[in-house]
Amino acid sequence: MKTLIKLFAGLFILFLAQVTLGQNISGSAHDFSSETWNPSGEICIVCHTPHHADISVTDAPLWNHQLSTATYTVYSSSTLDATVGQPDGISKLCLSCHDGTVALDNFGGKTNGTTFISGDELLGTDLSDDHPISFVYDATLASTDGGLYDPTTTNSGLGGTIDADMLFGTKLECASCHDVHNGSGVAKLLVKSNAASALCLTCHNK
Ligand code: HEC
Ligand code: HEC
Ligand code: HEC
Ligand code: HEC
């Protein structure tokens with residue numbers, strides 16, 4: 001009986017945690033519906049539009065925010081095995097706000113916005129001090145490096161393999177670690193908790 005009570009108490013706490021965490025974009029750092037620079041009062045419109053979307057970035061989902069034209073300083077180190085080039089794919093979408101060169105209110109065709117990202121959220125165009133992005137992470141890289149799990153066979157802890165759940169056409173991008181819509185409800189919009197470095201240890205065999 002005691003164990004049963006404990007079990008139910010545990011389930012109830014889990015349920016409460018789910019409710020209070022709020023596993024979606026509403027109320028998250030990416031909910032701009034009550035910002036003065038977004039008079040529409042809508043959430044999705046800052047990033048997406050049902051019509052007249054910008055399809056210049058491969059796989060960009062009905063994109064509505066003005067893209068950045070910046071050239072970036074990318075991460076490099078003597079121990080890096082991956083070939084890291086300019087940011088591409090969906091990382092370009094994140095950088096359209098997070099590199100600080102394009103105004104937040106430049107969406108829906110507007111180009112004269114005046115509100116820019118600031119503080120810790122501003123990554124800038126120098127990405128040499130940030131985790132590398134926009135490179136192929138495959139079985140070959142894993143075996144060359146020796147300190148990485150094979151993404152095609154290793155479980156991500158999110159339901160499938162690292163490759164299926166965290167990579168975008170075999171590439172590691174910002175969204176490998178972050179869920180832009182706060183789908184997991186973890187702080188900093190992470191795809192999974194980084195307690196005891198669980199996120200890092202998903203890929204790094206350390
Ligand atoms: C701050 C920008 C931003 C906001 C706001 C935003 N999205 Fe997204 N959305 C993205 C980015 C970036 C991607 C591509 C990255 C990804 O799929 O993880 C994406 C991908 C998507 C996709 C395709 C991939 C998937 O996850 O199914 C859908 C559908 C989508 N968004 C719907 C929405 C809806 C609906 C809203 C409003 C409730 C919304 N988004 C709000 C940035 C945003
Ligand atoms: C429309 C502009 C815009 C786009 C596009 C965008 N962001 Fe953001 N993001 C912001 C702003 C503004 C903030 C800071 C909000 C605040 O002050 O609370 C932010 C906050 C964050 C945070 C911090 C969350 C927290 O809870 O502290 C993370 C992480 C983040 N963004 C990642 C991303 C990633 C990854 C992408 C692409 C997949 C992306 N963002 C796309 C504007 C954007
Ligand atoms: C390898 C995983 C990983 C990748 C790739 C990654 N991030 Fe993060 N990011 C994190 C973690 C973990 C944190 C939380 C750090 C903390 O809590 O101190 C974070 C924090 C942030 C924050 C909040 C800043 C702060 O100091 O609170 C922003 C904004 C952000 N990331 C944006 C991005 C963008 C944009 C990209 C792509 C250019 C990106 N991230 C790529 C793991 C990653
Ligand atoms: C989705 C998989 C993934 C996640 C999650 C991830 N990494 Fe990485 N990380 C990689 C890959 C792949 C490389 C490229 C390694 C190489 O080519 O040498 C890399 C590179 C690095 C490097 C640079 C290595 C060098 O030789 O210069 C460091 C340091 C690092 N990651 C730390 C972290 C930390 C800390 C976290 C957690 C906050 C993290 N990573 C999360 C896959 C990941």
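Numbering of residues begins at 1 and proceeds along the displayed sequence. Only this structure's heavy atoms are used, side chains among them; waters, hydrogens and symmetry mates stay out. First listed ligand is number 1; within each ligand, the first listed atom is number 1.
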Which residue is it: S176, C174, S134? I am looking for the one with a side-chain contact (heavy atoms from CB on, under 4.5 Å) to F168.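 Of S176, C174, S134, side-chain contact (heavy atoms from CB on, under 4.5 Å) with F168 is met by S176 alone.
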Which of the numbered atoms in ligand 1 are below 4.0 angstrom from a heavy atom of I25?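 Taking each heavy atom of I25 in turn, ligand 1 has 4 (C), 5 (C), 6 (C), 38 (C), 41 (C) under 4.0 Å.
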Short list, please: which atoms of ligand 1 are under 4.0 Å from a heavy atom of I43?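 So the atoms of ligand 1 that pass are 5 (C).
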Answer with yes or no whether V46 contacts ligand 1, where contact means a heavy atom under 4.0 Å from a ligand atom.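 Checking ligand 1 against V46, which is what was asked, there is no heavy-atom contact under 4.0 Å.
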Heavy-atom distances under 4.0 Å are what count here, so tell me which part of L93 touches ligand 2: side chain, backbone, both or neither.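 Only the backbone of L93 comes within reach of ligand 2.
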How does W37 reach ligand 2, if at all, at less than 4.0 Å between non-hydrogen atoms: by side chain, backbone, both, or neither?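 The answer is neither; W37 stays 4.0 Å or more away.
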Would you verify that at least one protein heavy atom lies under 4.0 Å from [atom], or report that none does?
atom                    : value
atom 22 (C) of ligand 3 : no
atom 4 (C) of ligand 1  : yes
atom 33 (C) of ligand 1 : yes
atom 17 (O) of ligand 2 : no
atom 7 (N) of ligand 3  : yes

Ignoring water, what protein N, O or S atoms are under 2.8 Å from atom 8 (Fe) of ligand 2?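 Metal shell, protein only: H30 NE2, H98 NE2.
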Would W63 and L93 satisfy side chain to side chain contact (heavy atoms under 4.5 Å, CB included), going step by step from the backbone distance to the final call? CA-CA 8 Å; W63 200 244; L93 308 180; 3.6 Å; yes
For ligand 2, is W63 a contact, meaning one of its heavy atoms is under 4.0 Å away?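 Yes; W63 lies near enough to ligand 2 that a heavy-atom distance drops under 4.0 Å.
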Which protein non-hydrogen atom lies closest to [atom], naming both residue and atom, and how far is it?
atom                    : value
atom 37 (C) of ligand 3 : C174 SG, 1.8 Å
atom 42 (C) of ligand 2 : F32 CZ, 3.5 Å
atom 14 (C) of ligand 3 : K188 CG, 3.9 Å
atom 28 (C) of ligand 1 : H181 CE1, 4.5 Å

Salt bridge check, D179 against K192: does any charged N sit closer than 4.0 Å to a carboxylate O?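 No, K192 and D179 are not salt-bridged.
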Is atom 8 (Fe) of ligand 1 under 2.8 Å from any N, O or S atom of C44?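 Within the cut-off used here (under 2.8 Å), C44 places no N, O or S atom near atom 8 (Fe) of ligand 1.
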Flag C47 as yes if one of its N/O/S atoms falls below 2.8 Å of atom 8 (Fe) of ligand 1, otherwise no.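 So C47 does not count as coordinating atom 8 (Fe) of ligand 1.
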For ligand 3, which atoms have a heavy atom of I133 less than 4.0 angstrom away?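 Listed by number with element, the hits are 5 (C), 38 (C).
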So, the side chain of H98 versus the backbone of E121: is there a donor-acceptor pair under 3.5 Å, distance only?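 At least one qualifying donor-acceptor pair exists.
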